[in-house]
Protein chains: 2
Amino acid sequence: MRKRKGAGRPTIADVAKKAEVSTITVSRTLRDPAKVSTALRERIEAAIAALDYVPHSHASALASSRSNIVGVIVPSLTNNVFADTLRAIYDEVDPSPLQVQLGNSRYVAAEEERLIRIFLGQRPSALIVAGGDQTKAARAMLENADCPVVQIMEVDPDPVDMMVGFSHYEGGRAAGMHLVQQGYRRIGFIGARMDPRSRRRMEGFAEGLRTAGRHDPDLFMITTQSSSMTLGAELMGQLRARRPDLDAVFCNNDDMALGALFGCQHAGISVPDEIGIIGFNDLEMMAAACPSLTSIRTDRYEIGRTAVDMIRAALEGERPDQKVVDLGFELQARQSTARKARR
Amino acid sequence: MRKRKGAGRPTIADVAKKAEVSTITVSRTLRDPAKVSTALRERIEAAIAALDYVPHSHASALASSRSNIVGVIVPSLTNNVFADTLRAIYDEVDPSPLQVQLGNSRYVAAEEERLIRIFLGQRPSALIVAGGDQTKAARAMLENADCPVVQIMEVDPDPVDMMVGFSHYEGGRAAGMHLVQQGYRRIGFIGARMDPRSRRRMEGFAEGLRTAGRHDPDLFMITTQSSSMTLGAELMGQLRARRPDLDAVFCNNDDMALGALFGCQHAGISVPDEIGIIGFNDLEMMAAACPSLTSIRTDRYEIGRTAVDMIRAALEGERPDQKVVDLGFELQARQSTARKARR
DNA sequence: TGACTCGATGTTAGCGCTAACATTATGTTG
DNA sequence: CAACATAATGTTAGCGCTAACATCGAGTCA
């Protein structure tokens with residue numbers, strides 16, 4: 001005999017035998033208890049408990065061709081920006097039968113493509129991916145995926161399927177206009193990583209300055225290194241060394257901004273009087289810092305919540321009101337850009 | 001006829017037909033190409049590409065009773081401490097056939113138990129869980145899981161299976177001894193969340209002070225709220241209001257520590273001269289801050305790396321040198337605890 | 001040349017579960 | 001009370017893949 005032995009764990013058949021019912025009744029008890037009479041249900045539940053039975057999700061997925069997996073691909077696990085959104089996704093998904101499968105693309109498009117391929121192997125119930133800058137092949141796979149797809153963190157008129165986020169370009173523009181309004185004149189930019197979203201922020205920022213006649217490309221300093229507070233301090237130092245007349249900077253994210261502040265403090269430069277600083281995302285630390293730091297607030301938790309909502313609606317066959325949801329942003333003006341009037 | 005239709009995606013049988021081979025040969029091409037002749041392999045690969053075939057991982061898992069899933073359960077997605085470890089786990093796992101399945105227990109033991117149950121439903125190849133404070137039922141499930149289990153972030157003489165981390169108690173004690181050595185006298189503690197690991201840090205810290213005769217429980221302030229910089233500033237304010245003679249604090253993590261620093265700065269209190277501050281974990285921001293903040297450095301990335309290493313070894317049948325790996329910690333003394341000598 | 005090894009490929013029977021239909025017991029109606 | 005709903009449970013046949021064994025042809029060796 002060449003029967004293959006299972007891993008040893010009890011199966012639904014073991015439960016059925018113990019409870020003296022058929023396997024399908026056990027299956028029903030698990031998935032839709034209302035369909036089973038109380039007497040049987042209790043017997044079955046007792047058997048499940050006695051055997052310590054745990055349903056085999058792969059077998060279930062195969063038989064029902066429903067995996068209940070939501071694939072989520074983000075470019076970073078350490079960036080707090082995604083942490084909030086992920087938390088929201090997990091919070092929303094946990095009480096449902098859905099399960100999250102998380103992938104980290106490390107800001108590499110090819111890696112994202114690889115992950116999409118792997119995730120499709122699980123026949124996911126839905127996919128969530130960050131942004132709209134997929135490779136051609138990745139985009140094609142997403143378009144052919146027979147499940148809802150939500151792109152998050154951005155808005156774009158041409159989504160694969162659905163999209164929820166905000167405009168990085170407009171956020172950057174608002175930052176630029178704010179610094180001009182606050183009376184700053186020689187306004188710079190420091191940016192690390194410079195992924196496509198950071199790039200759009202920078203472009204919006206430049207446009208904001210340009211309309212006020214304050215755009216000076218020489219004051220823009222970018223690097224492909226990943227962002228950190230240390231790097232924020234460093235770039236701030238470099239930029240000031242190059243252009244001592246600099247009087248304000250927009251940092252491409254809050255880590256860079258707080259780092260820039262620390263850099264100024266270590267160098268004995270007063271913020272906001274000598275230099276104004278504005279960040280992006282408005283992490284919790286921005287309000288706490290001393291001086292508190294101006295930033296562009298984005299509702300990252302809400303993005304995650306909305307994405308899962310859209311998925312749920314789509315899985316229930318609802319047509320969404322809108323395929324693209326713009327959650328906007330809000331400028332939080334704080335001490336770091338409020339310098340005393342100078343004349 | 002009542003044949004069930006698949007989801008429409010091509011199956012291994014479609015590929016086999018197109019390449020005019022049997023399904024098993026396709027399967028071999030995918031899993032172990034060396035076993036298939038070049039001629040057939042090329043034909044099969046062409047068919048795969050032409051059909052855009054993606055193997056169905058659930059079917060594979062069912063047939064082989066190998067899921068290649070590593071379940072990882074952490075208590076928080078927003079806490080940077082876990083972000084580094086997660087990044088390491090993903091980095092290590094990605095080039096292998098293993099896949100990470102991540103769960104968020106939200107610092108709730110019952111939630112952790114629920115996740116363990118769900119994860120076991122996937123017949124994981126291995127499990128990684130944070131810490132050693134599982135519920136009784138959860139611990140029993142882990143002990144009965146027929147896969148390697150690694151508990152991370154802590155060390156304990158009695159692991160479920162394997163363990164890698166460091167001693168929070170000793171870390172706390174080192175913090176206490178450092179503050180005493182630096183000449184601080186009325187030394188307090190502020191702690192948020194107070195999960196079991198934070199609690200052990202506090203106990204070690206108290207012990208460190210006690211041996212120097214500097215333990216004053218009245219200077220210990222804890223809350224169950226989750227930690228944040230704002231909360232760090234707040235608790236610092238409350239503690240100073242209650243005991244204006246306070247001259248140093250150990251914060252149960254770096255967020256709280258930086259928050260406490262900001263709180264002091266907003267209140268015009270000099271750090272380190274009037275108040276010394278020490279944190280725990282040594283996130284990147286600690287060195288960048290102004291003044292730079294003393295902290296207990298832990299190698300969180302290495303914890304994740306080691307955990308996956310241990311798993312890989314166990315899956316390959318190796319006996320590990322040691323079941324419990326203590327990666328230790330290192331006190332990083334910085335400006336925030338270096339006050340000018342006073343006499 | 002027969003006995004044997006070995007590599008490449010195929011056949012068959014599940015893995016554990018559920019969809020779809022089938023059956024049986026129980027009530028309900030004119 | 002025949003005719004027919006309806007609820008509760010069962011039977012059967014896969015879902016897509018792979019383990020285990022089977023086969024086949026080519027090479028090896030005494």
Side-chain angles (χ1 to χ4, degrees), chain A residues 1-44 47-48 51 53-68 97 120-123 146, chain B residues 1-44 47-48 51 53-69 97 120-123 125 146:
Chain A
M1 195 170 302
R2 66 185 163 113
K3 212 168 244 172
R4 256 187 280 175
K5 64 144 204 317
R9 284 204 146 269
T11 73
I12 205 169
D14 298 323
V15 175
K17 192 184 298 171
K18 175 137 194 158
E20 300 180 290
V21 295
S22 71
T23 59
I24 192 73
T25 309
V26 178
S27 176
R28 284 190 188 113
T29 307
L30 257 19
R31 284 173 301 133
D32 194 355
K35 278 191 183 153
V36 178
S37 68
T38 317
L40 281 197
R41 193 176 341 135
E42 279 168 4
R43 236 161 65 205
I44 290 168
I48 288 174
L51 295 172
Y53 167 72
V54 180
H56 191 305
S57 62
H58 299 294
S60 167
L62 180 58
S64 65
S65 52
R66 257 181 281 103
S67 69
N68 282 336
L120 286 176
Q122 314 199 20
R123 307 295 189 272
D146 41 10
Chain B
M1 198 173 297
R2 68 186 162 112
K3 214 169 243 173
R4 259 187 276 175
K5 65 146 202 322
R9 283 202 148 270
T11 72
I12 204 169
D14 299 323
V15 176
K17 193 184 297 171
K18 177 138 195 160
E20 299 180 292
V21 294
S22 71
T23 58
I24 193 71
T25 309
V26 178
S27 175
R28 285 190 188 113
T29 306
L30 257 18
R31 286 174 299 134
D32 194 354
K35 279 192 182 151
V36 179
S37 68
T38 317
L40 282 198
R41 193 174 344 133
E42 277 167 6
R43 237 162 64 207
I44 290 169
I48 288 174
L51 294 173
Y53 167 73
V54 180
H56 192 302
S57 61
H58 299 294
S60 167
L62 180 58
S64 65
S65 51
R66 256 183 282 102
S67 69
N68 282 336
I69 288 176
L120 286 177
Q122 312 198 21
R123 306 293 187 273
S125 292
D146 39 11

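Numbered from 1 within each chain, the chains take letters A, B, ... in sequence-line order.
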Partner set under ring-ring contact (aromatic ring centres under 6.0 Å, His included) for A/His58, not counting sequence neighbours: A/His56, B/His58
Estimated bend of the helix from C/dT1-D/dA30 to C/dG30-D/dC1 (axis per five terminal pairs, rounded to 10 degrees): 40°
Atom-pair distance (NE2 on A/His56; P on C/dC15), nearest Å: 11 Å
Non-hydrogen side-chain atoms of B/Arg41 and B/Pro33 separated by less than 4.5 Å: yes
Spatial distance of atom CG (B/Asp146) from atom OG (B/Ser125) [nearest 0.5 Å]: 10.5 Å
Worked check of side chain to side chain contact (heavy atoms under 4.5 Å, CB included) between B/Tyr53 and B/Ile44: CA-CA 11 Å; B/Tyr53 167 73; B/Ile44 290 169; over 6 Å; no
5'-most by nearest nucleotide on DNA chain D - A/Ala59 or B/Arg66: A/Ala59
Interatomic distance, A/Asp32 CG vs C/dC17 C1' [rounded to whole Å]: 16 Å
Phosphate-side-chain proximity, B/Arg31 and D/dA19, N/O vs OP1/OP2 below 4.0 Å: yes
Partners meeting salt bridge (charged side-chain N to carboxylate O under 4.0 Å, His left out) with A/Lys35 (sequence neighbours left out): A/Asp32
Separation of atom NE2 in B/His58 from atom C1' in D/dG14, rounded to whole Å: 18 Å
Atom pair NZ (B/Lys17) and CG (B/Leu51), whose distance is rounded to the nearest 0.5 Å: 10.5 Å
For atom CG of B/Leu51 and atom P of D/dG16, their distance in whole Å: 14 Å
Interatomic distance where CG belongs to B/Leu30 and P belongs to D/dT18 [whole Å]: 7 Å
Value in whole Å for how far the P atom of D/dC15 lies from CG of B/Asp14: 11 Å
Short side-chain N/O contact to D/dT18 OP1/OP2 from B/Ser60, under 4.0 Å: yes
Under 3.5 Å, N/O pairs linking protein and nucleotides 5-10 of chain C:
residue: C/dT9; atom: OP1; partner: B/Ser37; partner atom: OG; Å: 2.8
residue: C/dT9; atom: OP2; partner: B/Ser37; partner atom: N; Å: 2.8
residue: C/dT9; atom: OP2; partner: B/Ser37; partner atom: OG; Å: 3.2
residue: C/dG10; atom: OP2; partner: B/Ser22; partner atom: N; Å: 3.0
residue: C/dG10; atom: OP2; partner: B/Ser22; partner atom: OG; Å: 2.9
residue: C/dG10; atom: OP2; partner: B/Thr25; partner atom: OG1; Å: 2.6
residue: C/dG10; atom: O6; partner: B/Arg28; partner atom: NH2; Å: 2.8

Rounded distance (Å) that lies between atom C1' of C/dT18 and atom CG of B/Leu62: 12 Å
With A/Thr11 via side chain to side chain contact (heavy atoms under 4.5 Å, CB included) - residues at least two apart: A/Ala13, A/Asp14
A/Ser64 side-chain N/O to C/dC17 phosphate OP1/OP2 under 4.0 Å: no
Sugar-phosphate, base or nothing in reach of A/Arg41, heavy atoms under 4.0 Å: nothing
Inter- and intrachain pairs under side chain to side chain donor-acceptor pair (under 3.5 Å), touching residues 22-31 of chain B, at least two apart: B/Ser22-B/Thr25, B/Ser27-B/Arg31
Nearest listed nucleotide, side chain of B/Ile12, among C/dA19, C/dT18, D/dT18: D/dT18
Separation of C/dC17 P from A/Ile48 CD1 (nearest whole Å): 10 Å
Distance-minimising heavy-atom pair for A/Arg123 and B/Pro10: NH2-O, 4.1 Å
